[in-house]
2 protein chains.
Amino acid sequence: MRSGHIGVRCDRLQRNLRARRASFFGIGFWFNICECSETRRPIARFWSGSSGRSSRSEASLAETIHPFIRALEQYDVLNEAERAALTALPLQIRIFGKNAEIVREGSRPTHSCLLLEGFAARAQVLSDGRRQITNLHIPGDFVDLHGLLIKRMDHSVIAFVDCKMAFVPHDAVRALIDEHRHLSRLFWLTTLVDAAIDRAWITSLGRRPAIDHLAHLLCELYVRLRGRGLVSGNSFAFGATQTELGDVLGMSTVHVNRTLQDLRKLGLVEWEGGRVTIIDFERLAERAEFDPAYLNQWIEAR
Amino acid sequence: MRSGHIGVRCDRLQRNLRARRASFFGIGFWFNICECSETRRPIARFWSGSSGRSSRSEASLAETIHPFIRALEQYDVLNEAERAALTALPLQIRIFGKNAEIVREGSRPTHSCLLLEGFAARAQVLSDGRRQITNLHIPGDFVDLHGLLIKRMDHSVIAFVDCKMAFVPHDAVRALIDEHRHLSRLFWLTTLVDAAIDRAWITSLGRRPAIDHLAHLLCELYVRLRGRGLVSGNSFAFGATQTELGDVLGMSTVHVNRTLQDLRKLGLVEWEGGRVTIIDFERLAERAEFDPAYLNQWIEAR
DNA sequence: CGCGATGTTGACATTCATCAACTCGTGTGG
DNA sequence: CCACACGAGTTGATGAATGTCAACATCGCG
């Protein structure tokens, strides 16, 4: 029943948990704070701007939260007061290297975090070292809004690639949603859309063969990223390894590799150098039975 | 790749979608309203109390919402004003026969529904007729709170067994949460706990072998039902067929049957006559790596 | 008594995981 | 500059997990 789990663990250790050399990330300087001795993963790197000696102008600081405001505006129009309140949120910016743990399973966060650049993932790890990623988050997502209401994290949030995060104290979020009922509903809605994505994942995992599952995931990412203006032409950056993709799809690395080849042979997708190109979205969506309606919600009342 | 889907559809039609003869359900009288001609499923049966000529006393009407209040009190203490507001909610009670569709995929509900008796399920159906159940709901769950904020249902809600539901107009829910900030947070929390359950399902589907997956599901149901006072001794009512259980677990009926036998042979579980008995919860939870923390949330601020 | 729903079983097919080996590119230290 | 290690992708051989099909058993019910 469980033969080979040790082998899996070795595979993971060899392939996944090794720290990447620090590479320059986007704008701003950052530096490594510490590195986990067991897994050799960098834990967190703080953006120099968060330590008080900010080198950025007021204007650019106000723009920092822009991806998030843009995301909320997918769901409803914001008025000036709401935009101002969001812009006034006290943010602490941090950069996380690939595979860094942003929120630890079992912890009790005091801040919520939202994703500004990169991809973050929620992950649950089994005792044998295998893990399952239960959500993927894209820039603009209020990744850890859950932590505001949920006592104890049932999962970790990890940096799927290098990530720029903004941390907001829970008190500030609470004050915001107490003051702005409409924003409170929008925040709630974002967690409900996350839940709809979860349901689609459950259906893919339970009832779709590997190739359809992968196709569905790529359709989902394509539509979500397009909504945030992160698709150019018909391609988007997605710097996941095949092993990591296996953790998303609940598949082995080898099977991911072969499934990806099938999708390429069908002329539906290209995937090269951390960039995914959707060659034929129509056919891809048809194969996956992908219906984007669950992603395009619109709140109906202020 | 897809051989046998027709066979599956036949299996489903034969085994699942056939209407059950109406059986007397709990307290109160009900009558069949209509029956879907295609699937022969009973669609809805209205409790006579909801048609205006109520035969129940005021006291029992007030008690109707009690399972829901009890559920909310798992997460935080309610004050008298909140209990009164909940009790004052305008409820329309309906009984649904097993397999009846409570909320249709693609519809735009005007009422939210909460489950008073029975089991309800969220289900997504693929074009070949196979379906995946993405959530199970137990008495006291605010099953379709999502519909308040989400424009269009991405899934159906079905009566997993005979169900007694209460429908509340969205306007009433909105008025309630506008008036009672604390209740609004509790409602939000219940949807977040649902999401935590989704994540656990994703992990089970992706990374657990069938027997562990089933064990995890039974642990989850046991803990959730115990929280609502619906476990007697160490057993609870769960009137699912093995085919339906397959739709929950993403497995074939045959494999459910064999997995269940394995669990029985291990002396962990008995399942007979619509009643599940957990013989050894400790060992069952250990095998499934089940940690109930994600179910036992407690809100931290009013 | 017969029918239909459900549970059960065996034989077989398919999907997917596992293991081991190889390639390729990149960065690093001698 | 080269040798080397390492991460990542790829491939083939094999086995385990699970699905599919067909048949039969059991039971409640009309």
Side-chain angles (χ1 to χ4, degrees), chain A residues 1-23 40 98-99 128 130 161 205-214 239-247 249-262 264-265 270-274, chain B residues 1-23 40-41 98-99 128-130 161 205-214 239-247 249-262 264-265 270-274:
Chain A
M1 181 62 64
R2 281 185 156 151
S3 63
H5 281 189
I6 298 301
V8 172
R9 179 192 284 133
C10 291
D11 182 81
R12 174 145 337 286
L13 283 177
Q14 283 170 12
R15 289 175 169 251
N16 259 357
L17 298 186
R18 199 147 319 207
R20 305 278 294 293
R21 279 288 151 267
S23 63
R40 282 176 288 171
K98 178 164 177 142
N99 287 325
D128 60 12
R130 293 184 305 163
V161 300
L205 278 161
R207 292 304 192 196
R208 282 192 246 267
I211 188 168
D212 295 6
H213 185 176
L214 177 55
T241 67
Q242 293 183 353
T243 302
E244 287 157 357
L245 196 55
D247 288 340
L249 298 169
M251 289 165 37
S252 68
T253 307
V254 172
H255 203 55
V256 168
N257 181 288
R258 291 180 170 132
T259 305
L260 207 41
Q261 287 179 51
D262 292 342
R264 280 195 276 245
K265 274 178 209 144
E270 270 174 13
W271 186 316
E272 215 178 353
Chain B
M1 182 63 63
R2 280 184 155 151
S3 63
H5 282 188
I6 300 300
V8 171
R9 181 192 283 134
C10 292
D11 182 80
R12 173 147 337 286
L13 284 177
Q14 283 169 12
R15 288 172 170 253
N16 259 357
L17 298 185
R18 197 143 322 205
R20 307 276 294 292
R21 279 288 152 265
S23 62
R40 282 176 289 170
R41 284 183 290 182
K98 178 165 177 143
N99 288 325
D128 61 11
R130 293 183 306 162
V161 301
L205 278 161
R207 292 305 192 195
R208 281 192 245 268
I211 188 168
D212 295 6
H213 186 176
L214 177 54
T241 66
Q242 293 183 352
T243 302
E244 288 157 357
L245 196 56
D247 289 341
L249 298 170
M251 288 165 39
S252 68
T253 306
V254 172
H255 203 56
V256 168
N257 181 288
R258 291 180 169 132
T259 305
L260 208 40
Q261 287 179 52
D262 291 342
R264 280 196 275 245
K265 274 178 209 143
E270 270 174 12
W271 187 315
E272 216 179 353

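Below, chain A is the first sequence line, B the second, and so on; all start at residue 1.
Between the CD atom of B:Glu272 and the C1' atom of C:dG7 there is a distance of 12 Å, rounded to whole Å. Residue B:Leu245 contributes atom CG, which lies 16 Å from atom C1' of D:dG19 at whole-angstrom precision. Atom C1' of nucleotide C:dT8 and atom CG of B:Asp262 are separated by 13 Å, given to the nearest angstrom. When rounded to the nearest whole Å, the span between CD of A:Glu244 and C1' of D:dG9 equals 13 Å. Rounded to a whole Å, the CH2 atom of A:Trp271 is 14 Å from the P atom of D:dA8. Summarising the geometry, the separation between NE2 on B:His255 and C1' on C:dT14 is reported as 14 Å, rounded to the nearest angstrom. Between the C1' atom of C:dT15 and the CZ atom of A:Arg207 lies a distance of 15 Å, rounded to the nearest Å. Taking atom CD of residue A:Gln242 and atom P of nucleotide C:dA17, one finds them 14 Å apart after rounding to whole Å.
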Handout entry: Dot-bracket encoding per residue of DNA chain C, Watson-Crick/G-U cut-off under 3.5 Å, | denoting interstrand
Key = ||||||||||||||||||||||||||||||
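Within the nucleic acid shown, B:Gly273 has no heavy atom closer than 4.0 Å to any nucleic acid atom. Using a 4.0 Å heavy-atom cutoff across all strands shown, A:Arg264 reaches sugar-phosphate atoms only and no base atom. When heavy atoms are screened at a 4.0 angstrom cut-off, B:Gly274 is found touching no nucleic acid atom at all.
Distance from the side chain of B:Val254 is smallest for C:dG10 among the nucleotides C:dG10, D:dG19, C:dC19. Candidate nucleotides C:dT18, D:dT18, C:dG7 were compared by shortest atom distance to the side chain of B:Ala210, and D:dT18 ranks first. Side-chain proximity of B:Ser252 to the nucleotides C:dT9, D:dG19, C:dG7 is greatest for D:dG19. Taking only side-chain atoms of A:Thr241, from C-beta outward, the nucleotide of C:dT6, D:dA8, C:dT8 with the closest atom is D:dA8. For A:Pro209, the listed nucleotide lying nearest its side chain is C:dC16; candidates were C:dC16, C:dC19, C:dG7.
Between B:Asn257 and C:dG7 there is no side-chain polar atom (N or O) within less than 4.0 angstrom of OP1 or OP2. In this model, the phosphate group of D:dG9 is not approached by any side-chain N or O of A:Gln261 to a distance below 4.0 Å at OP1 or OP2.
At least one side-chain heavy atom of B:Leu214 sits less than 4.5 Å from a side-chain heavy atom of B:Leu245.
The shortest heavy-atom contact between A:Leu205 and B:Gly206 is CD2-CA, 3.9 Å. What you find for A:His213 and A:Leu249 is that their closest heavy atoms are CE1-O, 3.3 Å. A pairwise comparison of heavy atoms in A:Gly239 and A:Glu244 identifies O-OE1, 4.2 Å as the closest pair.
A donor-acceptor pair is defined here as one N or O able to donate and one able to accept, closer than 3.5 Å; such a pair exists between the side chain of A:Arg130 and the backbone of B:Arg207.
Distance check, rounded to the nearest 0.5 Å: CE of A:Met251 to OG1 of A:Thr243 gives 11.5 Å. Rounding to the nearest 0.5 Å places OG1 of B:Thr253 at 11.5 Å from CZ of B:Arg258.
Residue whose closest nucleotide on DNA chain D sits further toward the 5' end, between A:Ala240 and A:Arg258: A:Ala240.
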